[in-house]
Amino acid sequence: MDELKRTDPEIFEIIRNEERYQRDSVRLIPSENYASAAVLEATGSILTNKYSEGYSGRRYYEGQRYIDQLENLVIDRAKALFNVDHANVQPYSGSPANLAVYFGLLKPGDTIMGLALPMGGHLTHGWNVSITGRFWRAAQYSVDRETHRIDYDAVLALARKEKPRIIVCGATAYPRIIDFKAFGEIAKQTGALMLADIAHIAGLVVGGVHPSPAPYADVITTTTHKTLRGPRGAMIMCRAEHADAIDKAVFPGLQGGPHNHTTAAIGVALKEAATPEFKDYAAQIVRNAKALAEELLARGFSLVSGGTDNHLILVDLTNKKVIGKKGAVALERAGIVCNYNTVPYDPRKPFSPSGLRLGTPAVTSRGMRESEMKQIGKWMDEAIAHAGDDAVLARIAGEVAEMCRKFPAPALPR
Ligand code: DSN
């Protein structure tokens with residue numbers, strides 16, 4: 001980054017500091033990862049210079065010979081990898097992608113039925129502070145109070161009552177396998193469309209460690225930067241019959257020119273995700289999450305649903321010395337970065353809820369395995385037990401950084 005250093009030393013320094021931070025900490029935010037050097041090179045390329053509103057062969061600007069080639073290639077990769085009829089690779093990120101689906105397929109006032117945000121859903125699945133819960137009518141399902149799992153009979157009963165135009169499945173804080181086949185049957189029985197938002201688990205789906213929604217869903221949305229390990233961006237994939245409506249909703253419905261540098265980087269990530277090494281990576285993410293969950297359980301932590309099937313763990317800190325935000329702050333000071341999160345039926349407020357959300361995509365990208373997860377669980381236990389003790393937290397942060405040095409992060413300087 002020599003040019004950046006010369007032109008703008010302040011921004012250069014901030015990026016360098018963030019690099020060191022990402023290098024020396026254990027990053028357990030389940031929606032984060034380390035993109036490869038190839039993905040970063042494509043993101044930082046001259047493709048950012050080009051405007052290309054429209055779609056391949058139908059653009060509103062001249063000079064698209066290479067951009068059309070690029071977008072077609074990335075679309076083909078997405079279709080092959082996810083086994084879908086149609087892919088739109090232009091959405092700027094996950095929320096605009098979901099908005100485009102509703103804008104394209106619903107009428108104002110139609111009902112969206114999704115998993116409630118405090119139960120592990122996403123704002124854009126119809127939650128009331130999001131445009132998706134205001135512009136459209138929303139019905140929200142929950143997880144079971146005892147098992148913390150989706151109760152598919154309850155979802156069917158709610159769908160029969162609320163008659164949604166679209167049923168959304170997918171989550172940001174659900175540690176279990178989502179039964180896409182069951183959602184497909186519920187949608188069919190109630191005459192609803194099915195949207196699978198696989199943002200969190202896209203890498204697990206293509207890696208073969210989570211079932212794919214492709215045989216059942218009308219539409220699939222995903223971000224590209226979580227378990228899929230690409231750049232910040234998103235894709236919408238759908239059955240052929242919805243292709244036209246989805247494309248029109250993205251452009252000109254919601255967006256202007258696509259971010260071609262991002263499109264290129266998504267293409268690189270899709271190529272990487274099609275390799276046998278990526279399958280191993282996806283399987284290791286899940287093994288690591290299970291190992292971390294086991295260690296935490298052995299140390300008396302209470303886990304939502306009792307464990308995990310995927311990349312994510314939701315810890316209920318109610319029985320511990322510190323709760324929610326205070327716990328996340330203590331861990332961060334110990335070099336372990338996660339986020340506080342609601343747990344199902346949380347009696348506390350969203351700004352300092354009872355839970356912590358953990359995930360293993362980023363640490364697995366560094367090559368960490370089960371024994372490192374065990375060590376991380378041990379540090380977490382110590383940091384939570386000594387949340388107010390600066391000396392203990394600083395000592396753990398030093399040990400964390402020492403371990404991190406043995407596991408160089410993709411694309412970061414050693
Ligand atoms: N809510 C973000 C997350 O899961 O971190 C994604 O939008």
Side-chain angles (χ1 to χ4, degrees), residues 22 25-35 91-102 112 114-133 138 140 143 148 150 168-178 195-205 210 219-236 254 262 266 269 285-286 289 304-305 308-315 324-325 327-329 331-332 336-344 346 350-353 355-365:
Q22 291 191 15
S25 53
V26 159
R27 297 170 61 232
L28 294 180
I29 293 178
S31 45
E32 291 185 353
N33 212 329
Y34 293 96
Y92 297 145
S93 204
S95 296
N98 286 345
L99 197 51
V101 174
Y102 307 140
I112 297 169
L115 179 61
L117 179 71
M119 299 286 161
H122 190 255
L123 280 166
T124 58
H125 298 176
W127 192 240
N128 56 19
V129 297
S130 151
I131 184 173
T132 63
Q140 304 274 271
V143 294
H148 303 148
I150 295 167
V168 188
C169 51
T172 62
Y174 187 67
R176 296 297 178 176
I177 297 286
I178 295 172
L195 163 61
D197 177 347
I198 60 167
H200 264 257
I201 56 169
L204 306 184
V205 168
H210 191 293
V219 188
I220 301 169
T221 53
T222 185
T223 50
T224 47
H225 47 270
K226 297 185 175 97
T227 47
L228 197 56
R229 215 162 55 179
R232 304 300 282 234
M235 305 192 293
I236 305 176
L254 283 176
T262 301
I266 290 173
I285 290 177
V286 176
V304 168
S305 85
T308 181
D309 298 328
N310 59 19
H311 64 304
L312 182 144
I313 299 163
L314 203 50
V315 184
K325 188 172 167 67
V329 168
L331 287 169
E332 195 275 341
I336 297 169
V337 187
C338 61
N339 66 276
Y340 57 89
N341 212 94
T342 53
V343 297
D346 203 325
F351 198 64
S352 188
L356 288 178
R357 191 180 67 148
L358 315 172
T360 52
V363 287
T364 308
S365 288

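One-based numbering, in listed order, for ligands and for the atoms of each. Heavy-atom basis, side chains included; hydrogens, waters and symmetry copies ignored.
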Could you identify the single nearest non-hydrogen protein atom to [atom] and state the distance to 0.1 Å?
atom                   : answer
atom 7 (O) of ligand 1 : H122 NE2, 2.9 Å
atom 5 (O) of ligand 1 : S31 OG, 2.6 Å
atom 4 (O) of ligand 1 : H200 NE2, 2.6 Å

>> Give the atom numbers and elements of ligand 1 that come within less than 4.0 Å of a heavy atom of T172.
In response: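 Contacts of ligand 1 toward T172, numbered from 1: 4 (O).
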> Quick check: does any side chain N or O of S25 sit under 3.5 Å from a backbone N or O of R27, one acting as donor and the other as acceptor?
Replying inline: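 Judged by distance alone, no pair lies under 3.5 Å.
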>> List the residues meeting ring pair (Phe, Tyr, Trp, His ring centres under 6.0 Å) with Y92, not counting sequence neighbours, and say none if there are none.
In response: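 Only H259 meet the ring pair (Phe, Tyr, Trp, His ring centres under 6.0 Å) criterion with Y92.
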> Under the ring pair (Phe, Tyr, Trp, His ring centres under 6.0 Å) test, which residues partner Y174, sequence neighbours left out?
Replying inline: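 So Y174 forms no ring pair (Phe, Tyr, Trp, His ring centres under 6.0 Å) with any residue.
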> Given that the side chain starts at C-beta and the backbone is N, CA, C, O, which of these parts of H225 lies under 4.0 Å from ligand 1, counting heavy atoms, or is it both or neither?
Replying inline: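 No part of H225 is near ligand 1 at this cut-off.
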>> If we check side-chain contact (heavy atoms from CB on, under 4.5 Å) with L28, which of these qualifies: L331, I336, V337?
In response: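 With L28 as partner, side-chain contact (heavy atoms from CB on, under 4.5 Å) holds for just one option, I336.
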>> Before you tell me yes or no, could you show the steps for R357 and N339 under side-chain hydrogen bond (donor to acceptor under 3.5 Å, both in side chains), namely the whole-Å CA-CA distance, both residues' side-chain angles and the distance that decides it to 0.1 Å?
In response: CA-CA 6 Å; R357 191 180 67 148; N339 66 276; 3.2 Å; yes
> Can you tell me if S93 and R232 form a side-chain donor-acceptor pair at under 3.5 Å?
Replying inline: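 Side chains of S93 and R232: no pair found under 3.5 Å.
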> Would you say atom 2 (C) of ligand 1 has a protein heavy atom nearer than 4.0 Å?
Replying inline: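 Answer no: nothing from the protein, no heavy atom, is under 4.0 Å.
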> Can a non-hydrogen atom of K226 be found less than 4.0 Å from any atom of ligand 1?
Replying inline: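 So K226 counts as touching ligand 1.
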